[in-house]
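What follows is a set of notes on a single structure, which appears directly below.
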Amino acid sequence: MSDHLRSSIDRLEAACDELMIKSALKHFANMHGYERFAYLQTDGFQVKTFNSYPGPWERDYLKSGYSTLDPVVIEARRMREMFEWAADDWPARGSSDLRRFRDEAIDHGIRSGVTIRVEGSYGSAIMLTFSSPEKKASVSGALDSKKALQLLMAIHYQLKAVAAKATFNPKRALSPREMLCLMWSAKGKKGEEIAMITGIKPRTVQHYLDQARHKLGADSVPHLVAIAKDRRLV
């Protein structure tokens with residue numbers, strides 16, 4: 001497993017809300033030369049999406065039912081492996097719906113990218129797209145189908161896990177770095193080990209754990225881990 005993929009999956013597992021999941025995915029996308037990401041789940045005519053696209057584009061996409069003519073979604077339905085795409089290649093002429101869709105996508109900075117799709121449960125399909133505003137994304141790192149599939153499944157199950165967790169006082173919500181250090185502590189790692197694994201300075205690791213203890217009212221790191229497990233944060 002590559003360092004970027006391992007780091008992203010660690011961040012996903014440590015995520016306790018959608019904002020943290022989005023942060024992990026944006027980081028992974030940027031590391032591979034893409035600007036945005038989109039997770040999409042389709043079940044018949046129902047579409048669920050989790051993405052970093054501009055808000056107006058997401059609203060228009062769902063309101064206009066664009067998933068029925070989106071060339072990426074259509075291609076994903078017949079493809080079994082990861083594939084690249086470019087909006088400029090879509091055969092859109094005149095004032096057709098596809099032409100309007102293509103132009104709006106480009107206007108919102110979605111011009112090229114890569115997509116992988118897998119079968120979901122009960123006839124649904126899930127897919128993950130990384131996109132760029134360029135005619136052809138300037139890819140900075142190799143992203144093969146196996147890596148993309150691992151990431152897609154990690155996203156899928158972590159979104160379900162986050163949705164199932166009981167919410168608590170937002171003032172006590174842990175930051176991504178606090179959750180990351182907590183996750184490694186829950187696996188029995190000490191401060192120095194966490195620092196080596198994450199690349200965070202030992203003193204900063206301790207600071208994050210202290211902040212987490214303060215937020216959750218724990219007297220020690222073992223107590224912190226116990227509270228986190230009780231709340232199903234880890």
Side-chain angles (χ1 to χ4, degrees), residues 8 18-19 21-156 159:
S8 296
E18 290 188 351
L19 185 62
I21 296 176
K22 184 169 290 189
S23 176
L25 289 177
K26 287 173 68 175
H27 177 75
F28 184 85
N30 295 161
M31 287 296 97
H32 286 80
Y34 299 100
E35 184 173 303
R36 300 183 185 276
F37 75 87
Y39 164 93
L40 194 73
Q41 182 173 12
T42 62
D43 186 359
F45 292 106
Q46 291 188 332
V47 177
K48 296 179 181 178
T49 183
F50 177 75
N51 60 72
S52 61
Y53 288 166
W57 171 244
E58 180 181 5
R59 289 192 295 272
D60 289 346
Y61 189 97
L62 295 175
K63 182 179 179 181
S64 301
Y66 277 153
S67 63
T68 61
L69 56 85
D70 185 344
V72 175
V73 174
I74 293 172
E75 182 76 359
R77 284 173 177 160
R78 70 179 188 83
M79 294 290 288
R80 295 297 178 184
E81 296 182 354
M82 186 174 67
F83 63 94
E84 296 181 350
W85 53 268
D88 293 271
D89 295 337
W90 298 340
R93 297 185 178 88
S95 59
S96 66
D97 290 341
L98 180 56
R99 173 64 179 271
R100 185 177 73 253
F101 170 79
R102 186 197 67 180
D103 291 347
E104 289 182 14
I106 292 175
D107 287 344
H108 284 97
I110 305 160
R111 194 164 195 170
S112 64
V114 61
T115 297
I116 188 169
R117 176 256 199 196
V118 295
E119 296 286 345
S121 58
Y122 300 102
S124 66
I126 54 178
M127 58 192 74
L128 176 64
T129 291
F130 293 109
S131 67
S132 166
E134 306 297 330
K135 284 189 176 181
K136 183 172 177 58
S138 178
V139 180
S140 60
L143 177 62
D144 59 36
S145 58
K146 184 177 180 181
K147 292 178 184 178
L149 180 58
Q150 285 180 284
L151 188 65
L152 173 54
M153 298 313 298
I155 297 164
H156 179 67
L159 283 172

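- Counting only distance, with no hydrogens or angles, the side chain of Ser112 and the backbone of Glu134 share a donor-acceptor pair below 3.5 Å.
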Practice prompt. Output, in order, the C-alpha distance, side-chain angles, deciding distance and verdict of side-chain contact (heavy atoms from CB on, under 4.5 Å) for Tyr53 and Ser131.
Written response: CA-CA 9 Å; Tyr53 288 166; Ser131 67; 3.4 Å; yes
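- Separation of atoms CD (Glu35) and NZ (Lys26) is listed at 9.5 Å; rounding is to 0.5 Å.
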Worksheet item: Could you go step by step and tell me if Asp107 and Trp57 meet the side-chain contact (heavy atoms from CB on, under 4.5 Å) rule?
Response: CA-CA 9 Å; Asp107 287 344; Trp57 171 244; over 6 Å; no
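- No more than 12 heavy atoms of other residues, nucleotides or ligands lie within 6.0 Å of CD in Glu18, so this atom counts as exposed by the packing criterion.
- Taken to the nearest 0.5 Å, the CD1 atom of Ile110 stands 9.5 Å off from the OG1 atom of Thr129.
- Between Tyr61 and Tyr66, the ring-plane angle classifies as perpendicular under the 30° and 60° cut-offs.
- A donor-acceptor distance shorter than 3.5 angstrom exists from the side chain of Thr49 to the backbone of Tyr39, with no hydrogens or angles considered.
- Thr42 approaches Val47 most closely through the heavy-atom pair CG2-CG2, 4.2 Å.
- Put simply, the side chain of Arg36 gets close to the backbone of Ser52: a donor and an acceptor are under 3.5 Å apart.
- Side chain of His108 to main chain of Glu104: a donor-acceptor pair is present (N/O by atom type, distance under 3.5 Å, no hydrogens or angles).
- For the atom pair Met31 CE and Phe130 CZ, the distance stands at 12.5 Å (nearest 0.5 Å).
- Contact record, Met127 with Thr115: CB-CG2, 4.3 Å, taken as the closest heavy-atom pair.
- Side-chain atoms of Asp70 never come within 3.5 Å of backbone atoms of Ile74 as a donor-acceptor pair (strictly under, hydrogens ignored).
- Under a 3.5 Å cut-off, the side chain of Lys22 and the backbone N or O of Asn51 do form a donor-acceptor pair.
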Discussion item. For Phe50 and Ile21: C-alpha separation, side-chain torsions, deciding distance, then whether side-chain contact (heavy atoms from CB on, under 4.5 Å) applies.
Written reply: CA-CA 10 Å; Phe50 177 75; Ile21 296 176; 3.7 Å; yes
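- Within the 4.5 Å cutoff, the side chain of Phe28 has no heavy atoms near those of the Phe37 side chain.
- Atom NZ of Lys136 and atom CD of Glu84 lie 4.5 Å apart (nearest 0.5 Å).
- Taking both residues in full, the closest heavy atoms of Val118 and Met153 are given as CG2-SD, 3.8 Å, listed atom of the first, atom of the second, then distance.
- The minimum heavy-atom distance linking Ile116 with Leu149 is given by the pair CD1-N, 3.7 Å.
- Residues Glu75 and Arg78 have side chains in contact (heavy-atom distance under 4.5 Å, counting atoms from C-beta outward).
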Practice prompt. Would you check, one step at a time, whether the test salt bridge (Lys or Arg N to Asp or Glu O under 4.0 Å) holds for Arg100 with Asp103?
Written response: CA-CA 5 Å; Arg100 185 177 73 253; Asp103 291 347; over 6 Å; no
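- Salt-bridge annotation for Asp60 and Lys63: absent, with no side-chain N of the basic residue lying under 4.0 Å from a carboxylate O of the acidic one.
- Residues Ala86 and Lys135 approach most closely at CB-O, 3.9 Å, considering heavy atoms.
- Atoms CD1 and CG, on Ile155 and Leu25 in that order, are 4.0 Å from each other to the nearest 0.5 Å.
- What you find for Pro91 and Leu98 is that their closest heavy atoms are O-CD2, 3.9 Å.
- To the nearest 0.5 Å, atom CD of residue Gln150 and atom OG of residue Ser8 are 11.5 Å apart.
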